[in-house]
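For the numbers below, each heavy atom of this structure counts, side chains included, while hydrogens, waters and symmetry mates do not.
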Amino acid sequence: MSGHWFLVLALVAVAAVLVLRKLRPAWYWLTFGVVFAMVRVTFRYASVMDACGLTVPPSRMRLALARMTNRPAPESRPPRILRMRATRTGLVLRLKLRPGQDAFDFVASTDRLRHSFSMQGIVSREIKSGVIELRMTGYDVLERVQMPVKIEREGLRIPVALREDGEVHYRDYQEVPHALNLGATKSGKSVYQRQLVKELAPLDVALVGIDCKQGVELAPLARRFTALADNPDDAADLLEALVAQMADAYQVIRREQRISADTPDAEITADIWGLPEHLRPVPIVLVVDEVAELALFSNTVEKKRRERIITALVRLVQLGRAAGIYVEICGQRFGAELGDGITMLRAQLTGRVSHRVNDEASAKMAFGDISPDAVLATTQIPTERPGMAVAGDSTGGWIRIRTPFTSMRQAVNVCNAQAHRTPAIAGLAPFRPVLPALAPVENPAPPTRPATA
C-alpha cells in the first residue's frame with residue numbers, strides 16, 4: 001500500500017514540475033532547471049565539443065609519449081572550462097581555448113551547442129585573447145519580459161529592454177550618441193520610445209520632441225519636455241534653434257579651454273563633460289517620431305522646408321555629441337526614397353534598433369551596412385511578439401531584445417512626477433509646451449496586455 005502511495009506522490013510531483021515549467025518557467029529554472037542543466041552540460045561537455053568540431057588533435061609530444069610507453073593514442077582535447085556560473089536565466093560558461101582554436105568557430109556553432117545541451121539559446125563572445133564566454137539561457141526570457149529588480153544606472157545609461165541572453169539592454173547616450181529606431185505599425189516601436197522617455201525623465205536632461213502626428217505620441221508626456229513641435233513647420237524652426245544652441249555650447253567649451261603651457265592636461269576638454277559643473281550646458285535628448293513626415297513634400301514651399309529640416313538634422317548628428325545633444329530618430333522606413341541627405345543622416349546614426357518590419361528592404365535600411373545576419377533576424381520577428389526587436393551598432397554586433405510593456409498612463413505618471421526637473425533653455429523657450437495646472441491622478445494597476453505600438 002505504501003508503494004502505491006509513493007507512486008501517486010511521485011506522479012503528482014512530476015505533474016507539478018511540468019506545470020511549473022509551462023506556466024512559470026523562471027521559477028522552474030531557479031528550482032529545478034539550473035541543477036538539471038549543470039549536470040547535463042558537465043556530462044555531455046567533452047562529447048558535444050568533439051561532435052561540433054571544437055576540439056584539437058593531440059600534440060606531437062603526447063603522441064610520441066604514447067608510442068614510447070606503448071599506450072593508446074590520446075584523444076582530442078576540448079577547451080578547458082575555467083568557470084561555470086548559474087544566473088537567474090541560465091548558465092555562463094567561460095572557456096580557455098586550446099592553441100589553434102578560433103573564437104569565430106564557437107560563434108558559428110552556437111546553434112548546434114544549443115541543441116546538444118538542450119538550452120533555449122546560446123550567445124558566444126570573446127572576453128580576451130584565448131578566453132570566450134558562452135551565455136546560455138534555460139528558457140525563453142523574451143516570452144514574458146521581467147526586468148531584474150536591481151538595475152545599474154549611471155550617467156546617461158538607461159535600461160530599455162531585456163536581451164535574449166537574459167541581460168539588460170542599455171541605451172548609453174555618451175557611448176552611442178545617436179540612434180535609429182525602425183518598426184512597422186503595432187510592432188512595439190512606440191513602446192520602446194515611451195520606455196526611453198520614462199527612463200530619461202528622472203535624469204538631469206532636457207527632452208525635446210518632434211511628433212508630426214499632431215503630438216499624439218509625445219504631447220501626453222509634455223510636462224517633462226523642454227520643447228515640443230507637432231508639425232513640420234514648427235519642427236524646422238525647432239531644429240534650427242537646436243543648431244544655434246549647439247553653437248552656443250561650443251562657444252562655452254572654446255572659452256573655457258584656456259590652452260596654455262601651464263594648464264594641466266586634465267583641464268583641457270573638447271566636450272561639455274569636461275567643463276566645470278556650474279558651466280556645463282544641460283544635455284539635450286531629441287526624440288523624432290515618424291521622421292518620414294519631415295522628409296516628404298508636395299510643392300516648392302514644402303521642399304524648401306524639407307531642405308532646412310534635413311540640413312539641421314545632419315548638422316546635429318554630425319556635431320551634436322560634443323555639445324551634449326543626442327538624437328533618437330524613429331520611423332517605419334528610413335531609406336533613400338525619402339530624398340537627398342537621408343543616406344548621409346543614417347550613416348551618422350551609430351545605434352540601430354529594428355522591430356518587426358513588413359519587408360526585407362526595410363530591414364536592410366537598418367542593418368544592411370552592418371550585418372547580413374541582423375537583417376535575417378529582423379525579418380524573422382513574429383507578429384505575435386510586439387516589442388521584440390534586433391539591436392545593433394556600427395561594429396557589426398547585434399542581439400535580439402524585447403521591451404517591457406509600458407502603458408501611456410505609466411509614462412505620463414512618471415513624466416508628471418518629474419516635471420520639476422524640466423530645465424528652461426532660453427533658445428528653446430518659444431517651443432515650450434503650455435499646459436494647464438496638473439490635477440491629481442490615481443495610479444492604476446499595472447497593465448497585463450502585451451506591448452503594442
Task: Any donor-acceptor N/O pair, T226 side chain to P423 backbone, under 3.5 Å - done: yes
Task: Between D50 and S47: side-chain donor-acceptor atoms closer than 3.5 Å - done: no
Open item on the list: Under the criterion side chain to side chain contact (heavy atoms under 4.5 Å, CB included), I'd like the reasoning laid out for I381 against H355: C-alpha separation, chi angles, the key distance, then a yes or no.
Closed with: CA-CA 8 Å; I381 296 176; H355 295 75; 5.5 Å; no
- [ ] Check for a donor-acceptor pair, side chain of R402 on one end and backbone N or O of G387 on the other, with a separation under 3.5 Å.
- [x] no
Open item on the list: If you compare all heavy atoms of Y170 against all heavy atoms of E152, which two are closest, and at what distance to 0.1 Å?
Closed with: CE2-O, 3.1 Å
Open item on the list: Regarding E240 and R308, does a basic nitrogen lie under 4.0 Å from an acidic carboxylate oxygen?
Closed with: yes
TODO: Write out all pairs satisfying salt bridge (charged side-chain N to carboxylate O under 4.0 Å, His left out) with one or both partners inside residues 85-99, taking only residues at least two apart or from two chains.
DONE: R94-E133
Open item on the list: Would you say that more than 12 heavy atoms from the other residues, nucleotides or ligands in this model lie under 6.0 Å from the CD of Q318, or not?
Closed with: yes
Open item on the list: Are the side chains of R400 and Q380 in contact, using a 4.5 Å heavy-atom criterion?
Closed with: yes
Task: Minimum side-chain heavy-atom gap C212-L294 below 4.5 Å - done: yes
TODO: Indicate yes or no: does R385 engage D140 in a salt bridge with an N to O separation below 4.0 Å.
DONE: yes
Task: R356 side chain to T185 backbone, donor-acceptor under 3.5 Å - done: yes
Open item on the list: Between E290 and K189 (salt bridge meaning N to carboxylate O under 4.0 Å), is one present in this structure?
Closed with: yes
Open item on the list: As an exercise, state the distance from NZ of K198 to CD of Q410, rounded to the nearest 0.5 Å.
Closed with: 6.5 Å
Open item on the list: Please check if the number of heavy atoms outside Q146 that lie under 6.0 Å from its CD is greater than 12.
Closed with: no
Task: Any L196 side-chain heavy atom under 4.5 Å of V287 side chain - done: no
Task: Spacing of CE belonging to M408 relative to CD belonging to E217, to within rounding of 0.5 Å - done: 5.0 Å
- [ ] Look only at the side chain of D165 and the backbone of R135, and say whether a donor-acceptor pair between them is shorter than 3.5 Å.
- [x] no
Open item on the list: Apply side chain to side chain contact (heavy atoms under 4.5 Å, CB included) to residues V314 and I310 and explain how you reach the verdict.
Closed with: CA-CA 6 Å; V314 171; I310 298 302; 4.2 Å; yes
Open item on the list: Under a 3.5 Å distance rule, please check whether W29 uses its side chain to pair with a backbone N or O of T87 as donor and acceptor.
Closed with: yes
Open item on the list: Minimum heavy-atom separation for R224 and L203, please, with both atom names.
Closed with: NH2-O, 2.7 Å
TODO: With rounding to the nearest 0.5 Å, note down the distance linking CD1 in I325 to CE in M246.
DONE: 6.0 Å
Task: Intermediate values then yes/no, side chain to side chain contact (heavy atoms under 4.5 Å, CB included), I399 and E167 - done: CA-CA 11 Å; I399 194 167; E167 295 294 303; over 6 Å; no
Open item on the list: Rounded to the nearest 0.5 Å, what separates atom CG in L345 from atom OG1 in T311?
Closed with: 10.5 Å
Open item on the list: In the structure I gave you, are the side-chain heavy atoms of T110 and R114 within less than 4.5 Å of one another anywhere?
Closed with: no
- [ ] Working to the nearest 0.5 Å, report the span between CE of M388 and OG1 of T378.
- [x] 10.0 Å
Task: Close side-chain approach of V123 and R163, heavy atoms under 4.5 Å - done: no
Open item on the list: Restricting to non-hydrogen atoms, name the atom on R171 and the atom on A179 that form the minimum distance, rounded to 0.1 Å.
Closed with: NH2-CB, 3.3 Å
Task: Check: Y250 side chain, L319 main-chain N or O, donor-acceptor pair, under 3.5 Å - done: yes
Task: Validation row: R144, L162 side chains within 4.5 angstrom (heavy atoms) - done: no
Open item on the list: As a test of understanding, state which of L93, L97, I127 forms a side chain to side chain contact (heavy atoms under 4.5 Å, CB included) with I132.
Closed with: L97
- [ ] Quick one: sort the Y326 and Y173 rings into parallel, tilted or perpendicular, breaks at 30° and 60°.
- [x] tilted
Open item on the list: With a sphere of 6.0 Å drawn around CE of M344, does it hold more than 12 non-hydrogen atoms of other residues, nucleotides or ligands?
Closed with: no
Open item on the list: For a quick check under 3.5 Å, do T406 and Q195 share a side-chain donor-acceptor pair by atom type?
Closed with: yes
Task: R153/E199 ion pair, N-O < 4.0 Å - done: yes
Open item on the list: Quick check on side chain to side chain contact (heavy atoms under 4.5 Å, CB included): which of I210, V317, I329 does L286 satisfy it with?
Closed with: I210
Open item on the list: Checking W273 against D271 for the side chain to side chain contact (heavy atoms under 4.5 Å, CB included) test, could you report, in this order, the C-alpha distance in whole Å, the side-chain angles of both residues, the deciding distance, and whether it holds?
Closed with: CA-CA 6 Å; W273 301 107; D271 58 35; 3.6 Å; yes
Task: Nearest non-hydrogen partners of R321 and H178, listed with the distance - done: N-NE2, 4.2 Å
Open item on the list: Please check if the number of heavy atoms outside D102 that lie under 6.0 Å from its CG is greater than 12.
Closed with: yes
Task: Any side-chain heavy-atom pair of R333 and M365 under 4.5 Å - done: yes
Task: Nearest heavy-atom neighbours spanning A161 and P404 - done: CA-CD, 4.0 Å
Task: Atom of A322, atom of I253 and distance for their closest heavy-atom approach - done: O-CD1, 3.7 Å
Open item on the list: Can you tell me if R421 has over 12 outside heavy atoms packed within less than 6.0 Å of its CZ?
Closed with: yes
Open item on the list: Between Q101 and F106, is there a side-chain heavy-atom distance shorter than 4.5 Å?
Closed with: yes
Task: Reported CG-to-CG distance for the pair D105 and L54, which is rounded to 0.5 angstrom - done: 6.5 Å
